[in-house]
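Below is one structure; the comments refer to it alone.
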Amino acid sequence: MRFVLKTSYNRDIDVFRDRVHFFWYFLLVLVMLIAPLFAGTYFQSQLTLLFISAIAGTGLMVLVGYTGLVSLGHAAFLLLGAYVHTLLLKYHIPFVVSLPLAAIACGVFGMIVGLAALRTTGVYLAIATLAFAMIVEQVIKNWKSLTGGNNGLKVSDPTIFGFDLQSDVRVFGLDSEVSIFYYVCFVILVLVLFLIVNLLRAPTGRSFIAVRDSEISAQAMGVNLTAAKIRSFSLSAALTGIAGGLMAHQIGHLFPDSFTIVDSIKLLMLVVVGGLGSVHGVIFGAIFLILLPEAISVLKGWLPQAMVYRGGLEPLIFGSILILFLVFEPFGIYGRWQKILLYFNQFPLYRKKTFKRQRSFLRTERVH
Amino acid sequence: MLIADNLTCSFGGVKAVDQLSFVVNHGDIFSIIGPNGAGKTTVLNLFSRFYNADKGEIWLEDDNITKISASAVAKKGIARTFQNVELFERETVLQNLLIAQHIHRTTNLVTECLFVGLARRQEIRFRETAEHVIDLLHLEQYRDAVTGSLPFGVRKLVEIGRALCLRPRLLLMDEPSSGLNPEETEDLGHWIEDINQDLDVTIVMVEHDMSLIGRVASRVLAMADGRLLTIGTPKEVENHPEVIEAYLGC
């Protein structure tokens, strides 16, 4: 078991526990930076997809994992982000401006949904956000002059100073081509994680957590519930909007049903399976979400033909996994990971009941 | 310091608090007693602004706080603990104490996201306050423990610590001794006196344990069915015929 001697408050505030801790993350970043040199085109595009999912996942994690508000309508923000970004590009607004603008537009819409969501929680909020997603889809479908309706919208290539970001570059001396867009997404993901990790160790992030764990005592601590919820919603929407904008380039041609309820559920699954209330969970969840379809396609080779060709196999597996996680590991992959770490930390002394779920004491019932 | 003037609060046909008037002086340990359903917690919830008063006014020194929002109450310097403990259960003790310092924040969203010097200095300041409280209440060994997994007695103490992190002028406590064993109650008496005298915090507490009240309270208010019975020293109230009648019904 390793103890870290903290000799100043700064050490406790720092994101990285010590140099060893920092080293591993540094190594991870380094590996991700040189990976495209050795990985094929397919692997690169899968990793790009992982980064984009992680950005959207971070958005939803802030809302669900940290503020305790459930949204089934995040596909709407993906769609909004994608359309705003694409339309701005169409009118020759540069990539570096249009992506933040798309985020701001989504943030404003998030604020509006947040306002509507103030009086509802739990299942009711989930349904309200679902309704919002339907509205967005229908508006985009019918506002033909702007969005092209069902014919969709072609996404122009992202450029910075005339340089095409979606091009593949052949690196001298190597056979494989390196996708520039991979790096764009990676840098944005690292930036997003940096901002969110900082926010979560500051008063705003803590006010989200306060709202999640007990609204009544959050108020008694001087946290303005309205402000915290609206802030969380709009931040979440803005991040998801960025992911939507990036995803538009991956898709190439946008349709009103490019992002549907299935994507909302997938995102929700990302945060639940990854681990509610942890930033690591977002990455674990994104990896899981990218690997699952691969695993399913491998599985298809072993299953009887009748099962493979009759649709519904994928939703069945997705749903079962979600239920299994909710029942057996509510804190997701990250929760399991921490338990494994603890097991080795306390090796011969690990107590089985450490994480036994206990009945919590009665909450104040008199107030409400 | 705190004035309740003709407070009335009813739920449907039930008058939980009925024309209640009293004054809490600066430095008091003011205890509210009464049988179950007397409206004691309702009085605290009125002060915390969780409930709206139908009639009457609440004054904190020269501020009328009858109509301010529940989150603004903390900014006026009023902290609060709950009967059944309302901690942020998935967070550590330290995090709970940090959350409580929300009202003292000087940063905004941008400086927090970038975590520039201002935000870092603020975090250090918050931690110093939290460590002071941890030191005061001897919570060192629980600093990094998740509050949901702590024994009830410790949770109660953490909740008091969390309230102190607001650096309040007035502390409202709802049955601080409920669920504690005799030794813990004994300790609690000492904490309450320390908080009152060393930190100069005026305390209003709802309490059932008469021995605790006799030891620490400077004044006691007895109420039944939402109405005031009497106010006085613990001895006076204990022997007041109407109080005895309210408790024993004879």
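No experiment lies behind these values; they were computed from the predicted model shown. Here is the naming used below: chain letters follow the sequence lines, and residue numbers restart at 1 for every chain.
- Salt-bridge check for B/Arg155 with B/Glu89: passed, with a basic side-chain N closer than 4.0 Å to an acidic carboxylate O.
- The residue among B/Cys165, B/Ser69, B/Ser71 with the most heavy atom pairs within less than 4.5 Å of chain A is B/Ser71.
- Nearest heavy-atom pair across B/Gln101 and B/Phe126 is NE2-O, 2.9 Å.
- For the atom pair CE (B/Met173) and CG (B/Leu171), the distance works out to 5.0 Å, reported to the nearest 0.5 Å.
- With respect to the salt-bridge test (charged N to carboxylate O, under 4.0 angstrom), the residues B/Arg80 and B/Asp174 qualify.
- For B/Ala100, the parts sitting under 4.5 Å from any heavy atom of chain A are the backbone and the side chain alike.
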Please tabulate, one pair per line, all N/O donor-acceptor pairs under 3.5 Å involving side-chain atoms of residues 275-284 of chain A, not counting sequence neighbours.
| residue | atom | partner | partner atom | Å |
| --- | --- | --- | --- | --- |
| A/Ser278 | OG | A/Gly275 | O | 3.3 |
| A/Ser278 | OG | A/Gly281 | N | 3.0 |
| A/His280 | NE2 | A/Tyr25 | OH | 2.4 |

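- For B/Ala79, no part sits under 4.5 Å from any heavy atom of chain A, backbone or side chain.
- Proximity to chain A (any heavy atom under 4.5 Å) is restricted, for B/Leu166, to the side chain, taken from C-beta onward.
- For a residue to count as touching a neighbouring chain, one of its non-hydrogen atoms must lie under 4.5 Å from one of that chain's; by this rule B/Glu128 touches chain A with backbone and side chain alike.
- Neither the backbone nor the side chain of B/Leu172 comes within contact range of chain A; no heavy atoms are under 4.5 Å apart.
- Salt bridge annotation for A/Lys229-A/Glu215: present, with a cationic side-chain nitrogen under 4.0 angstrom from a carboxylate oxygen.
- In this structure, B/Phe11 has its ring center under 6.0 Å from that of B/Tyr51.
- For a heavy-atom cut-off of 4.5 Å, chain B lies close to A/Arg201, A/Ala202, A/Pro203, A/Thr204, A/Arg206, A/Ser207, A/Ile209, A/Ala210 in residues 201-211 of chain A.
- Of the charged side-chain nitrogens involved, at least one lies within less than 4.0 Å of a carboxylate oxygen, so that B/Asp18 and B/Arg227 count as a salt-bridged pair.
- For a residue to count as touching a neighbouring chain, one of its non-hydrogen atoms must lie under 4.5 Å from one of that chain's; by this rule B/Thr107 touches chain A with the side chain only.
- Defined by atom type and a distance below 3.5 Å, a donor-acceptor pair is present between the side-chain atoms of B/Ser177 and B/Glu207.
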